[in-house]
Amino acid sequence: MLYITRRLGRSCSEPVINGGLCRIFRSLPHMPSYHPKVVEPRWQQVWEENKTFKTPDDSPKPRYYILDMFPYPSGAGLHVGHPEGYTATDILARYKRMLGFNVLHPMGWDAFGLPAEQYAIQTGTHPRTTTQNNITTFRRQIKMLGFSYDWDREVDTTDPNYFKWTQWIFLVLFDTWYDADQQKGRPIAELPIPPDIKGDAAVRAYRDRKRLAYQAEVPVNWCPALGTVLANEEVIDGKSERGNHPVVRMPLKQWMLRITDYAERLLDDLETVDWPHAIKEQQRNWIGRSVGAEVDFRLMIDDCRLNSQSSIINYQSSIGVFTTRPDTLYGATYMVLSPEHPLIDAITTPSQKSAVEAYQIEAAGKSDLERTDLAKKKTGVFTGAYAINPVNSEAIPIWIADYVLVSYGTGAIMAVPAHDERDFAFALRFKLPIRPVVLPPKRWFEESKVFKILKKMGVDPRFTSEKLSQPESHAETLNRLEVDVLSKSLRYLDAFGQDFYKVMEQLYRDHVEIFPECFADEGVVFNSDGFDGLSTAEFKKQIIAKLESEKRGMRKTNYKLRDWLFSRQRYWGEPFPILHELDAAGNPTGEIEAVAISELPLCLPVVEDYRPTGNPEPPLSKAKDWLFVERNGKRYRRETNTMPQWAGSCWYYLRYIDPHNANVFCDPAKLKAWLPVGLYVGGAEHAVLHLLYSRFWHKVLFDRGHVPVAEPFQKLVNQGMILGDTDYHLTIAAFDANREQIDKLKLNVIRVKDDEKGEICVLRNPSSDPDRFCPLTEEQIVKEGGKVYLKDTRIELTGRSDKMSKSRKNVVNPDDVVNEYGADSLRLYEMFMGPLEAVKPWSTRGVEGVFRFLNRVWRLVIDDRHDAVKLLDAVQDVEPDKETLRLLHHTIQKVTNDLDGLSFNTAISTMMELTNHLTKQTVRSKSVLKTFMLVLAPFAPHIAEEIWHALHQRAGSVSDGLSSLAYEPWPSYDANLLKADTVDIPVQINGKLRAVITVAAGLDKAALEEAAKGDEKIKPALEGKTIKKVIVVPGKMVNLVIV
RNA sequence: GCCGAAGUGGCGGAAUGGCAGACGCGCUGGACUCAAAAUCCAGUACCCGCAAGGGUGUGUGGGUUCAAGUCCCACCUUCGGUACCA
């Protein structure tokens, strides 16, 4: 009781934000009313002590694996976004248990990663400590919400018993090569060694090159502020996803995972999983498969005065380009290499050398951001060299330009300015020739500006017949394009008259330069030797076949997806179980060894200083005792990079199945029993990162026989983001103009950055707690003519829900919500807000609404005028009346269907309707209430347990043992009971509602029609009219069509 | 630009092609109370009307249908993803 009194005192001092709380506790005289603070811990204790939700491995029941995306335990604690997905899965887990399933529903911590380390560096504590503290907070907060996890299966990615197996899986990747013929990852020992590879060292090097985990010197995203490299996926607009720090490109030797080998299967197997369409599309886009041809362009040796170091040229005297449009080969008028292309040095002519080198330096210095910013203005330099187009032997100039990326395709393109937007823009800029080879369809011509000019002839008074015959001499009244079009089209107009399509076709063939638009679609081939007249699709096939037969090119598929950059220069991550051999002088020999599995886990060394070194040398290199080891008389240096945060989360769903196994990562029999995951719920922000990486690892494990299925997650659902409560804001200018008035109202003003408006001012109510979120209430604003004003002023405001963020100070803390309304209310509200997948704004009033609902449920059964939890006298052992029984069964049916379809919000509204009905009854059937509690239990388990318990107590007895309803069978509904005796049938005349008639249920068509025609309101409307048609849908409606 | 999702009262949202706005919030009125809170009851899309009643309404414009929020076509807006990927 004490805490309640204290709460009361505190909360009433803050009427604006805690209005709800005041109301709750002012009702205290009527004890015992519904007090979640008493009820919820009691049942949480019962579940914990009895291990109610422990998942047995040997149960004969059918199995169901419901997985949440485990959280990163940040210092900020749980966010209201977390319980959204967790509540949804918990409801389903509880529901499935009642349906008789053996449910696997675990939770754990994705605890390695940058933020913990950043925080640790700032505060001077070891990341281990901060991570443990954060986990403790998260665990407490999650337990407080009453989720039915099997806590005996908790995993922590930073636990050596866990990351031992993360390292083991890395070694599986290290031990695997991809057999393209079999489309399968196989042991490295089975890799065929080509006959020209001779000697141990050469064989080892060859193997190392083929492993799925390999080292490579690659241009990486180095983030100086974070002191690490980042994966492409972690860089957004040239800045780090975490922290928004600048990222620069530099070449570094890094560990890579060969995810590109699995691109095709990652793409194909999307067909086999039940995932949201949008997520599948995102993955498809990310993998970015495109089919085309790789075509060899021979270099024109004579014309490019080779510089002295031209040995490469002799060895490889052609440049391969990748194109998805080999059907436009005849339109290639120049070639472009990316500034990083290895052949540039060799082919550049002396006169172009300085310009080329200057451009290369300029391009290298540009960040990705700058490259994108300048995307509209194409830049480039001519190398002086020429290549020979294999289809027509034409010499075309070779340029370098940064619009060609070194990392895609071959890093070189053939430019077809007539049929590619980028090449078109480049050609215009540098006055390179444009040669059309695909004739656009009529539709494209009709949308061209040229067509509009032709159409104006004879209509537009500016186009006099005199000007038409001499357009060149009227440049002062006609614009450039008009002059060009008219002068060029004169002779075609003579030939084809008003057939503008014909005219334009000829213009396109002969004077493509006057078209301001680029045609980049499919069409009919011309200007292409013997292939003219073919469709581009057909020509594509034929030209690829021809190139292949002449060995000048081949069919080729490319992917946007790049290999996964897997190493980080940080302390707080899994160490790589890899040793680098050293020679007598202590220098690396280049040979690498896997750490023996018996030596795993390889733990992080204890170091004084785990800060980044400021350069790409990882902090682990400072741990000299740990760094050097001897094995079999050889000296080694350990790998000092650590794995990225994604490593641990790639396979945690497997470890849950057998979390304490010391011999294998997971028992194969258990994997077979539980996989795949039946339902996986989490945020859409992981659409391409986590979900693609873990599918990749899973497939490697599958190929190597370690998991029994090819896809890990059968069904995936994304919960939508929860936005902050509605906030009112105004622009800085408006704020400054009205400063006095706003100051008078004593409002808090928070300045925040806004994407569109620069900076805006959010108005809030003041609060004693600076972190408190107190938006303006509806009483403080006035709506008028579609606009919103601050009350008693003419200050116009904008109302909007924003993402929750520290800077906006609109973060809702689950602790506060549970404190004020209880876990059941939080759970229920999160589900009641709207569809699980939708983005929804938080509303404090809305939480109060579901809290009121739970109070009504409580008072349905419990007498709140007594001191003990006692049933109301109205609750009796009686048979329910027909209507109540019908509603109960309707509720069971609706909730059952809604749970199967994950429509939690409508399930809750149905239970509200039942409650509203029962509230009106003076005598309430105990059996109905018991059934209702079973239906409510998955959603609001604490209150349901409490009331269920009360309903089962014998009169007078208070202390029966507390036993859970968690495994009571889910109620079934009787379809016969769902039928009402009478039904309301709408009657329409010409499709408009004119009456609603109440008739006996099950009336046939003829009887319904008669009843409708006989209705008092319908009769007069039919008088004197002829009924043309009658539509009767039995049990639904009647529509009378009259003349 | 491209890909995806979505536009319904004052707000969150509900509706297998068949009564648009369930349920909740907010608001209005009433009951209880010395009073308030809580609770309970009634009302609440908009317009005209004292009322009965009538009209209009699901982003816009067309179409299919006896009947369209729902299906088709075109467009607009918002949100999410992505961006020189040849």
Side-chain angles (χ1 to χ4, degrees), chain A residues 19 22-30 33 236-237 276-282 284-286 288 290 292 321-325 328 336 371-372 374-376 378 401-405 407-410 412-416 420-423 425-426 520 558-562 684-685 687-688 720-721 726 777-779 781 783 788 799 801 829 832-835 837-850 852-853 855-856 859 864 903 905-906 908-913 916 919-920 984-993 995-996 1028-1031 1033 1036-1041:
Chain A
C22 289
R23 265 170 258 155
I24 299 156
F25 285 104
R26 279 195 205 120
S27 65
L28 271 180
H30 303 293
S33 61
I236 293 164
D237 291 338
H277 174 72
I279 298 289
K280 288 190 185 184
E281 275 307 299
Q282 272 188 54
R284 288 190 189 110
N285 287 343
W286 194 265
S290 44
V321 302
F322 173 71
T323 176
T324 55
R325 296 293 302 271
T328 60
V336 186
R371 279 204 187 186
T372 0
L374 300 170
K376 277 153 207 158
K378 295 272 183 289
D402 67 2
Y403 83 91
V404 175
L405 308 176
S407 48
Y408 185 77
T410 62
I413 60 152
M414 64 169 198
V416 184
D420 181 283
E421 296 279 0
R422 297 151 301 187
D423 299 341
F426 191 82
N558 257 314
Y559 303 91
K560 272 203 297 196
L561 183 72
R562 321 269 171 81
E685 67 273 18
V688 287
M721 196 179 12
T726 307
T777 62
E778 295 203 14
E779 291 91 67
I781 55 144
K783 288 183 184 172
V788 180
S801 288
Y829 176 63
F832 187 61
M833 290 168 88
E837 308 84 356
V839 176
K840 308 162 280 264
W842 182 266
S843 154
T844 307
R845 300 264 197 203
V847 192
E848 287 177 31
V850 292
R852 280 206 282 266
F853 162 64
N855 271 282
R856 281 209 302 283
R859 289 195 308 270
D864 61 358
S903 303
N905 54 333
T906 49
I908 293 166
S909 70
T910 304
M911 291 189 281
M912 288 174 167
E913 285 176 282
N916 292 344
T919 300
K920 291 183 186 122
D984 290 344
I985 301 288
V987 181
Q988 302 173 346
I989 293 178
N990 289 347
K992 288 207 175 197
L993 181 71
V996 177
K1028 212 169 84 181
K1029 194 172 178 182
V1030 180
I1031 295 106
V1033 184
K1036 285 274 185 188
M1037 50 76 66
V1038 177
N1039 188 9
L1040 304 167
V1041 184

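In the text below, chain A, chain B and the rest are named by the order of the sequence lines, each starting its count at 1. Hydrogens, waters and symmetry mates play no part in the numbers below; they use all other heavy atoms, side chains included. Values in this document were obtained by computation on a predicted structure and should not be read as measured data.
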Please report, rounded to the nearest Å, how far the [atom2] atom of [N] is from the [atom1] atom of [X].
X: A/E848; N: B/rC25; atom1: CD; atom2: C1'; result: 10 Å
X: A/Q988; N: B/rC19; atom1: CD; atom2: P; result: 7 Å
X: A/K840; N: B/rA6; atom1: NZ; atom2: P; result: 14 Å
X: A/E685; N: B/rA5; atom1: CD; atom2: P; result: 19 Å
X: A/D423; N: B/rA86; atom1: CG; atom2: P; result: 12 Å
X: A/W842; N: B/rC25; atom1: CH2; atom2: P; result: 15 Å

Just wondering, do [Y] and [X] contact through their side chains at under 4.5 Å, heavy atoms?
X: A/K1029; Y: A/N1039; value: no
X: A/W842; Y: A/S801; value: no
X: A/M912; Y: A/V850; value: yes
X: A/I413; Y: A/Y403; value: yes

Report the nucleotide, chosen from [options], that has the shortest atom-to-atom distance to any side-chain atom of [X].
X: A/W286; options: B/rC23, B/rU82, B/rG18; answer: B/rU82
X: A/S909; options: B/rG24, B/rC41, B/rC23; answer: B/rC23
X: A/N1039; options: B/rG4, B/rA67, B/rG24; answer: B/rA67
X: A/Y403; options: B/rG13, B/rC84, B/rC66; answer: B/rC84
X: A/R852; options: B/rC19, B/rC40, B/rG26; answer: B/rG26
X: A/P841; options: B/rG4, B/rG13, B/rC23; answer: B/rG13
X: A/P986; options: B/rG81, B/rC19, B/rA86; answer: B/rC19
X: A/N916; options: B/rA15, B/rA86, B/rC23; answer: B/rC23
X: A/R845; options: B/rG13, B/rC25, B/rG18; answer: B/rC25
X: A/H277; options: B/rG4, B/rG13, B/rC23; answer: B/rG4

Base, sugar-phosphate alone, or nothing: which one does [X] contact when heavy atoms must sit under 4.0 Å apart?
X: A/K1028; result: nothing
X: A/V839; result: sugar-phosphate
X: A/G849; result: sugar-phosphate
X: A/R859; result: sugar-phosphate
X: A/N855; result: nothing
X: A/F322; result: sugar-phosphate
X: A/D984; result: base
X: A/P276; result: nothing
X: A/E421; result: nothing
X: A/T323; result: sugar-phosphate

Report the base-pairing partner of [N] (Watson-Crick or G-U wobble, both distances below 3.5 angstrom), or none.
N: B/rU39; value: B/rA31
N: B/rG61; value: B/rC73
N: B/rA5; value: B/rU78
N: B/rA45; value: B/rU56
N: B/rA22; value: none
N: B/rU16; value: none

Which whole number of Å gives the distance between the [atom1] atom of [N] and that of [M]?
N: B/rA37; M: B/rG30; atom1: P; value: 13 Å
N: B/rG62; M: B/rA68; atom1: P; value: 15 Å
N: B/rU33; M: B/rA38; atom1: C1'; value: 11 Å
N: B/rU77; M: B/rC23; atom1: C1'; value: 29 Å
N: B/rA15; M: B/rA22; atom1: C1'; value: 8 Å
N: B/rC32; M: B/rC40; atom1: C1'; value: 8 Å
N: B/rU8; M: B/rG21; atom1: C1'; value: 8 Å
N: B/rG4; M: B/rG9; atom1: C1'; value: 29 Å

Is it true that A/R562 and A/S407 share a donor-acceptor pair across their side chains at a distance under 3.5 Å?
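Yes, a side-chain donor-acceptor pair sits under 3.5 Å.
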Quick one: classify the glycosidic conformation of B/rG9 as syn or anti, with syn meaning within 90° of 0.
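Chi for B/rG9 falls in the syn range.
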Please confirm whether the shortest side-chain N or O distance from A/K280 to OP1 or OP2 of B/rG81 is below 4.0 Å.
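It does not, given that no N or O in the side chain of A/K280 lies less than 4.0 Å from OP1 or OP2 of B/rG81.
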Distance below 4.0 Å between A/N905 side-chain N/O and B/rA14 OP1 or OP2
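Answer yes for this pair, as a side-chain N or O of A/N905 is under 4.0 Å from OP1 or OP2.
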Spell out yes or no: do the side chain of A/K378 and the base of B/rC84 have one donor N/O and one acceptor N/O closer than 3.5 Å?
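Between B/rC84 and A/K378, which were checked side chain against base, a qualifying N/O pair under 3.5 Å is present.
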